[in-house]
Amino acid sequence: MTMEHAREISTWTYEGPYAVYSFQPDGDTLAELTGGDYRACTDKDGRLAGFFCFGAAARIPTVEADAYPEGFLDIGLGMAPWLCGQGRGAAFLAAGMDYAGLMFPPAALRLTVAAFNRRAISVYQKLSFEISSTLTHRISQEPFYLMHRISSAAATVPTSLQYTGA
């Protein structure tokens with residue numbers, strides 16, 4: 001991810017309960033976003049649409065020991081706040097799944113989502129993710145769901161999103 005994209009993402013703020021997904025525009029955030037685990041995602045016109053991260057960067061700190069068993073590729077995502085709630089989530093996640101299939105060829109995908117986030121859970125279920133367990137965030141003590149998708153086949157939602165930089 002470029003520093004320019006990282007700076008923009010670090011200023012994104014989400015409303016209401018989704019504020020938990022907001023970043024802080026500071027050096028730690030910029031270092032995390034540009035450290036190599038995050039990918040910027042742009043639309044066909046080159047506008048920043050969101051980001052994806054893979055592997056350990058997509059996991060949350062949990063109370064439970066061994067919360068993330070081997071055999072899955074973890075995927076994390078964040079869509080630009082002005083795109084949220086407009087029915088674009090499935091196409092956005094599909095773009096990330098397609099990228100993961102090209103770059104990492106996983107046997108199965110896994111993601112972690114806040115239990116209150118019914119909007120995201122519904123999108124994930126549309127793309128064949130299933131809730132496999134409940135986790136507790138080590139810092140907030142809030143419940144999260146671990147969701148998995150066994151098939152690594154490409155998503156079936158058409159998308160015109162693309163990736164920039166590592």
Evaluate the criterion side-chain contact (heavy atoms from CB on, under 4.5 Å) for residue pair Leu83 and Phe92; output intermediate values, then yes/no. CA-CA 10 Å; Leu83 297 175; Phe92 183 74; over 6 Å; no
Starting from the C-alpha separation in whole Å, work towards a yes-or-no answer on side-chain contact (heavy atoms from CB on, under 4.5 Å) for Cys84 and Arg119. CA-CA 10 Å; Cys84 294; Arg119 186 169 69 187; 4.0 Å; yes
Phe23 atom CZ: more than 12 heavy-atom contacts under 6.0 Å: yes
Measure the acute angle between the ring planes of Phe51 and Tyr38, then classify it against the limits of 30° and 60° as parallel, tilted or perpendicular. tilted
Do the side chains of Glu32 and Ser10 get nearer than 4.5 Å, heavy atoms only? no
side-chain contact (heavy atoms from CB on, under 4.5 Å) between Leu48 and Trp12, intermediate numbers included: CA-CA 11 Å; Leu48 186 60; Trp12 289 352; 3.7 Å; yes
Between CD of Gln125 and CD1 of Ile131, what distance do you get to the nearest 0.5 Å? 5.5 Å
Is there a donor-acceptor contact under 3.5 Å linking the side chains of Tyr68 and Thr112? yes
Is the shortest heavy-atom distance from the side chain of Tyr124 to the side chain of Leu77 under 4.5 Å? yes
Any Arg39 side-chain heavy atom under 4.5 Å of His5 side chain: no
If you apply the rule ring pair (Phe, Tyr, Trp, His ring centres under 6.0 Å), what do you find for Phe52 with Tyr99, and how did you get there? CA-CA 9 Å; Phe52 289 92; Tyr99 179 84; 7.9 Å; no
Go through it in stages, so that I can follow the logic: the residues are Glu4 and Glu8, the test is side-chain contact (heavy atoms from CB on, under 4.5 Å), and I'd like the CA-CA distance, side-chain angles, deciding distance and then a yes or no. CA-CA 6 Å; Glu4 180 182 346; Glu8 184 175 341; 5.8 Å; no
Which label fits Phe116 and Tyr21: parallel for a plane angle under 30°, tilted from 30 to 60°, or perpendicular past 60°? tilted
Qualifying residue, where the test is side-chain hydrogen bond (donor to acceptor under 3.5 Å, both in side chains) with Thr136 and the options are Glu142, Gln141, Glu64: Glu64
Backbone N/O of Thr29 and side chain of Gln24: donor-acceptor pair under 3.5 Å: no
